[in-house]
2 protein chains.
Amino acid sequence: MKAALDLFSRNGVNGTSIEQIAEKADVSKSNVLYYFKNKEQLYIEVITRLLEIWLKPLQSFSIEQDPIEALAHYIKVKLELSRDYPAESKLFCMEVVQGAPLLIQELESPLTTLIENKVAVIKEWVEQGKLAEVDPYHLIFSIWAITQHYADFNVQIQAVTGKNLNNRAFFNSTLINIQNIILEGVRPRV
Amino acid sequence: MKAALDLFSRNGVNGTSIEQIAEKADVSKSNVLYYFKNKEQLYIEVITRLLEIWLKPLQSFSIEQDPIEALAHYIKVKLELSRDYPAESKLFCMEVVQGAPLLIQELESPLTTLIENKVAVIKEWVEQGKLAEVDPYHLIFSIWAITQHYADFNVQIQAVTGKNLNNRAFFNSTLINIQNIILEGVRPRV
DNA sequence: TTGTAATTAGACCATTTGGTCCAATTTGGA
DNA sequence: TCCAAATTGGACCAAATGGTCTAATTACAA
């Protein structure tokens, strides 16, 4: 499944043959089909396991926390995800970009409920004046977008900056900048 | 090429057959191969044209402008791109996510020079105190990430919010929120 | 009208690939 | 030692597909 994940994320599902997966996993093609009856079945299992990893960090924050701290921490966790699970991030990205033919059902309900919770908390923070007026949905989307971008578009980022998240210093500066942009914005405070 | 773009962005290159493209374009398969000697050739031409559209709005701002206005306008232009060219955005996304095997050369040099310019301008703004301390690269990446996210992940966004950028009100609220988050941040001003 | 370019239909082929089936071998635990 | 599970090799097949080639037809401009 690890081999499959890696190849799928790089070449797409249609661009990956069972034999390539077998070779990469150092097993025979027969053996792959001994455990997965289909390529599609294999894909589904890969995607399913990926979803667990991917949705876990979504469950973090609650009303009692300080919003700025909570958001800063959330950004950090998500950026670590991008650093530590780039293949997962990319495959998830490709799946969603292509319309998530399988994911859509499995994704819609857990995702919306998870988000509803977060949205409620953020909305509460805003009402208490602990956050500026912001639509919770767009805030969450923004954080997702930026953090995942560093995994999904790492080729582009590498091309432009010559660095990636595995570089410790780059990771730190990335994190700090994202947190600053989201939390403080770029307009100078007077 | 329009048909190809559409199918490529939805099913990937490997997941799209020449015949499907021909059918969608209302021509014969023979005719497709009359104008494009290869599927790869077709793909390259599609990608090349896409790049023009995609890099054009990058050329906008200069030092004389007011930074906040310039950034706000830039975000608007990029979000309009996401709304008006979703297929282009998605195909570009998939290409880069997969490592941009062809794009990497064609992309690296024009992209870096374009960015160098923007980075220089932003850096100047920061030094003049017209912007908060921010790394120009991360600022640009953040804007890209968020705006493209609304095109590339529209399925997810639709699943969660039930809306997309073609909805006028949703587009406006999205734009305002992104501008606010990037420019002002979410920490309340005292 | 005429000649060239555009377009099509379709035969055809080689290759890839997903998947089946089976016989043989290996592994590892009881 | 023994047996079931795991693993492999490989033959094999059908379907999809990229691509070639040719002959025929259509469109169109001079």
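When reading the values below, keep in mind they use all heavy atoms of this one structure, side chains included, and skip hydrogens, waters and symmetry mates.
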Return the value, rounded to whole Å, for the distance between atom [atom1] of [X] and atom [atom2] of [N].
| X | N | atom1 | atom2 | answer |
| --- | --- | --- | --- | --- |
| Phe36(B) | dG18(D) | CZ | C1' | 16 Å |
| Ile18(A) | dT17(C) | CD1 | C1' | 8 Å |
| Leu42(B) | dG18(D) | CG | P | 11 Å |
| Lys39(A) | dG18(C) | NZ | P | 4 Å |

To the side chain of [X], which of [options] is closest?
| X | options | result |
| --- | --- | --- |
| Ser17(B) | dT7(D), dA5(C), dG18(D) | dG18(D) |
| Tyr35(A) | dT7(D), dG18(D), dA6(C) | dT7(D) |
| Tyr34(B) | dG18(D), dA5(C), dG18(C) | dA5(C) |

Mind listing the residues from residues 3-15 of chain A sitting with a heavy atom below 4.0 Å of DNA chain D? Number order is fine.
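Per residue number, the list is empty: none.
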What residues from residues 19-33 of chain B pass a heavy-atom cutoff of under 4.0 Å to DNA chain D?
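Residues of residues 19-33 of chain B under 4.0 Å from DNA chain D: Lys29(B), Leu33(B).
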Carboxylate-amine/guanidinium proximity below 4.0 Å for Asp6(A) and Arg10(A):
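Counted as a salt bridge, because a side-chain N and a carboxylate O are separated by less than 4.0 Å.
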Got a salt bridge between Arg189(B) and Glu184(B), using NZ or NE/NH1/NH2 to carboxylate O under 4.0 Å?
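Glu184(B) and Arg189(B): salt-bridged.
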For residues 68-87 of chain A, which side-chain N or O atoms pair as donor and acceptor with protein atoms under 3.5 Å away, sequence neighbours left out?
| residue | atom | partner | partner atom | Å |
| --- | --- | --- | --- | --- |
| Tyr74(A) | OH | Trp144(A) | NE1 | 2.9 |
| Lys78(A) | NZ | Gln148(A) | OE1 | 3.0 |
| Ser82(A) | OG | Thr147(A) | O | 2.7 |

Determine the minimum heavy-atom distance between Leu91(A) and Phe8(A), stating which atoms define it.
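Result for this residue pair: CD1-CB, 3.8 Å.
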Of the non-hydrogen atoms in Lys29(B) and Ile18(B), which two are nearest, and what is the gap between them?
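Distance-wise, the nearest heavy atoms are CG-CG2, 4.0 Å.
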Respond yes when some side-chain nitrogen or oxygen of Asn38(B) is under 4.0 Å from OP1 or OP2 of dG19(D), and no when none is.
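Yes, such a contact exists.
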Is it true that a side-chain atom of Lys39(A) and a backbone atom of Thr16(A) form a donor plus acceptor pair closer than 3.5 Å?
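Such a contact is found between Lys39(A) side chain and Thr16(A) backbone.
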Hey, which of Val96(A), Ile104(A), Ile115(A) is the one that makes side chain to side chain contact (heavy atoms under 4.5 Å, CB included) with Gln156(B)?
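Exactly one option meets the side chain to side chain contact (heavy atoms under 4.5 Å, CB included) with Gln156(B), and it is Val96(A).
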Less than 3.5 Å apart, any donor N or O on the side chain of Gln41(A) or Tyr35(A) sitting next to an acceptor on the other?
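There is no such pair (donor and acceptor under 3.5 Å, judged by atom type) between the side chains of Gln41(A) and Tyr35(A).
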Ser17(B) side chain to Glu19(B) side chain, donor-acceptor N/O pair below 3.5 angstrom:
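Looking only at side-chain atoms, Glu19(B) and Ser17(B) do not form any donor-acceptor pair under 3.5 Å.
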